[in-house]
Amino acid sequence: MRLSTRMKVAILGSTGHVGRSLAAELLRHPDIRLVLYSRRGDLPGAGEAAIDRARVELRSTTALDFGGCDIVVNAIGVGTPDKIAAAGASVMQLTLEWEERIKAALAAAPDCLYVFASSGAIYGTLRDGPASLNSVREFSVNAERPANAYGKAKFVAEALHRSWTHKRILDVRIFGYVSECIDLQSTYLLSQIFASLLQNRCFATNLDDVVRDYVGPKELSHLILGAAKAHRINDAVDLFSLAPVRKFEILDELKKFGLRCSFVEGENGSAANVGRLNYYSTYSRACDYGYAPQRTALDVVLDSAQKILNAAQGSFQGAVTLRSSDRD
């Protein structure tokens, strides 16, 4: 997508997986400048190499100033599944505190598009099928489970956005997200699979062949830049690929390149949340904003795996090619 005018995009949570990879992808557009917010006001480690400093301003989240920005992306997250579980009910407080700060800062940028990185977790477990236009989510009034805190926080944030007077807001529900910036030390399913492949160790998982949809920075940036063309917007959409993928499809593809697997009964050894058997969506509202995915979930996974393997092995073994794709 070629932009007709210069744009200034602010990203909160720029050192996280989504924020870091999105920043690198947006800088592929020569007409985009970035304002990257982090708690320290810097970009440590791997994020530093992918950033073109000539078009980037680094800021601390101590003070938010969106003046002159065309788009603000809130990619702030608690972190990996284990950190989310440890945070418990405090996830709600953290989410709402940031929403109040962002709302106040948007007052100085009334024409700015605010993009909130929401989650497919607002739909719940999706045990009976994928999310859809007619999906309904229920919360217990008197016996709320801590495990539901993350999805409920996203749900409440979205509900607040529908009541805001700011005229340009888009909530983007992300189900699975992967890029070469993924934390290989985390407990995400793909993190553990990629780490096992790189370290030549056996990946242990259960026998549940769960369905997942994965997108990456290409898909997210495509949706955001498409939505930026809308003069008025206050909406929530699901982000999806051309087709979801089953866990065993991923394992079968990566076995061809050395991944070893073992299978156990029950939840032992599995990084996948077995409660979410069909974690993807058929709700296509995003297409109303010009979104048109070009890759399947398997394409996204293998493209990311290829980049990770090349970065780790390219210096002494040459490029590792997982699978060619004509959809890049």
Side-chain angles (χ1 to χ4, degrees), residues 12-13 16-19 22 73-99 115-141 143-162 169-178 182-183 186-192 208 210-216 219-220 223 235-241 244-245 247 267 270-283 285-286 297 300:
L12 291 90
H17 180 198
V18 173
L22 178 61
V73 180
N74 179 3
I76 296 172
V78 176
T80 56
D82 52 327
K83 292 180 180 178
I84 292 173
S90 65
V91 171
M92 179 73 75
Q93 179 183 353
L94 178 65
T95 300
L96 297 184
E97 285 177 354
W98 274 108
E99 288 306 300
V115 178
F116 174 69
S118 188
S119 170
I122 71 165
Y123 286 108
T125 61
L126 295 174
R127 293 187 66 87
D128 299 324
S132 70
L133 171 64
N134 299 314
S135 290
V136 175
R137 177 73 192 273
E138 295 181 351
F139 295 103
S140 173
V141 175
E144 182 61 26
R145 296 176 56 197
N148 294 333
Y150 177 75
K152 190 173 184 179
K154 297 293 188 181
F155 184 93
V156 170
E158 288 194 21
L160 283 175
H161 296 160
R162 302 292 80 81
I169 305 173
L170 183 66
D171 299 328
V172 180
R173 299 164 186 153
I174 301 172
F175 288 77
Y177 189 91
V178 61
I182 192 171
D183 181 3
S186 77
T187 54
Y188 285 115
L189 173 64
L190 288 182
S191 295
Q192 294 194 5
D208 291 302
V210 296
V211 183
R212 293 289 184 264
D213 200 6
Y214 291 104
V215 297
E219 288 73 26
L220 181 56
L223 173 58
D235 207 350
V237 300
D238 294 350
L239 189 57
F240 52 89
S241 72
V245 63
K247 179 179 71 174
E267 298 184 24
S270 175
N273 185 336
V274 295
R276 295 176 180 167
L277 299 180
N278 305 284
Y279 199 50
Y280 66 102
S281 177
T282 61
Y283 181 43
R285 174 75 168 166
V300 176

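Below, all heavy atoms of this structure are taken into account, side chains as well, without hydrogens, waters or symmetry copies.
In summary, Lys154 and Asp171 do not engage in a salt bridge, as defined by a charged side-chain N under 4.0 Å from a carboxylate O.
Every residue meeting the ring-ring contact (aromatic ring centres under 6.0 Å, His included) condition with Phe116, not counting sequence neighbours, appears here in chain and number order: His161. Contacts of Tyr283 classified as ring-ring contact (aromatic ring centres under 6.0 Å, His included), with partners at least two apart in sequence or in another chain: none. Residues satisfying the ring-ring contact (aromatic ring centres under 6.0 Å, His included) test with His17, not counting sequence neighbours, are Tyr177.
Remark: side-chain polar atoms of Lys152 are not paired, donor with acceptor, to backbone N or O of Met92 under 3.5 angstrom. Under the 3.5 Å distance criterion, the side-chain polar atoms of Ser191 are matched with a main-chain donor or acceptor of Asp183.
Between Val18 and Ala75, the shortest heavy-atom distance links the atoms CG1-CB, 4.1 Å. The minimum heavy-atom distance linking Arg173 with Ala236 is given by the pair NH2-CB, 3.3 Å. The shortest heavy-atom contact between Ser132 and Ser135 is N-OG, 2.8 Å. In plain terms, the two heavy atoms of Ala297 and Asp213 that are nearest each other are CB-OD1, 3.5 Å. The shortest non-hydrogen separation linking Asn278 to Arg127 is ND2-O, 3.1 Å. Nearest heavy-atom pair across Ala149 and Val91 is O-CG1, 4.4 Å.
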* Does the side-chain contact (heavy atoms from CB on, under 4.5 Å) test come out yes or no for Val245 and Val300, once each step is laid out? -> CA-CA 10 Å; Val245 63; Val300 176; over 6 Å; no
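The shortest distance between side-chain heavy atoms of Arg285 and Asp238 does not fall below 4.5 Å. Contact of the Leu223 side chain with the Val115 side chain is not registered, since no non-hydrogen atoms from C-beta on lie closer than 4.5 Å. In this structure, Arg276 and Arg212 have side chains that are in contact, with non-hydrogen atoms separated by less than 4.5 Å.
For the atom pair CD1 of Ile122 and CZ of Arg137, the computed distance is 8.5 Å after rounding to the nearest 0.5 Å. Taking OG of Ser281 as the reference point, atom CD1 of Ile174 lies at 13.0 Å (rounded to 0.5 Å). Expressed to the nearest 0.5 Å, how far CG of Leu12 lies from CH2 of Trp98 amounts to 6.0 Å. With rounding to the nearest 0.5 angstrom, the CG atom of Leu277 is 7.5 Å from the OG1 atom of Thr125. Between the CG atom of Leu239 and the OG atom of Ser119 there is a distance of 11.5 Å, given to the nearest 0.5 Å. Taken to the nearest 0.5 Å, the OG1 atom of Thr95 stands 14.0 Å off from the CZ atom of Phe155.
With ring centers used as reference points, Tyr279 lies under 6.0 Å from Phe175.
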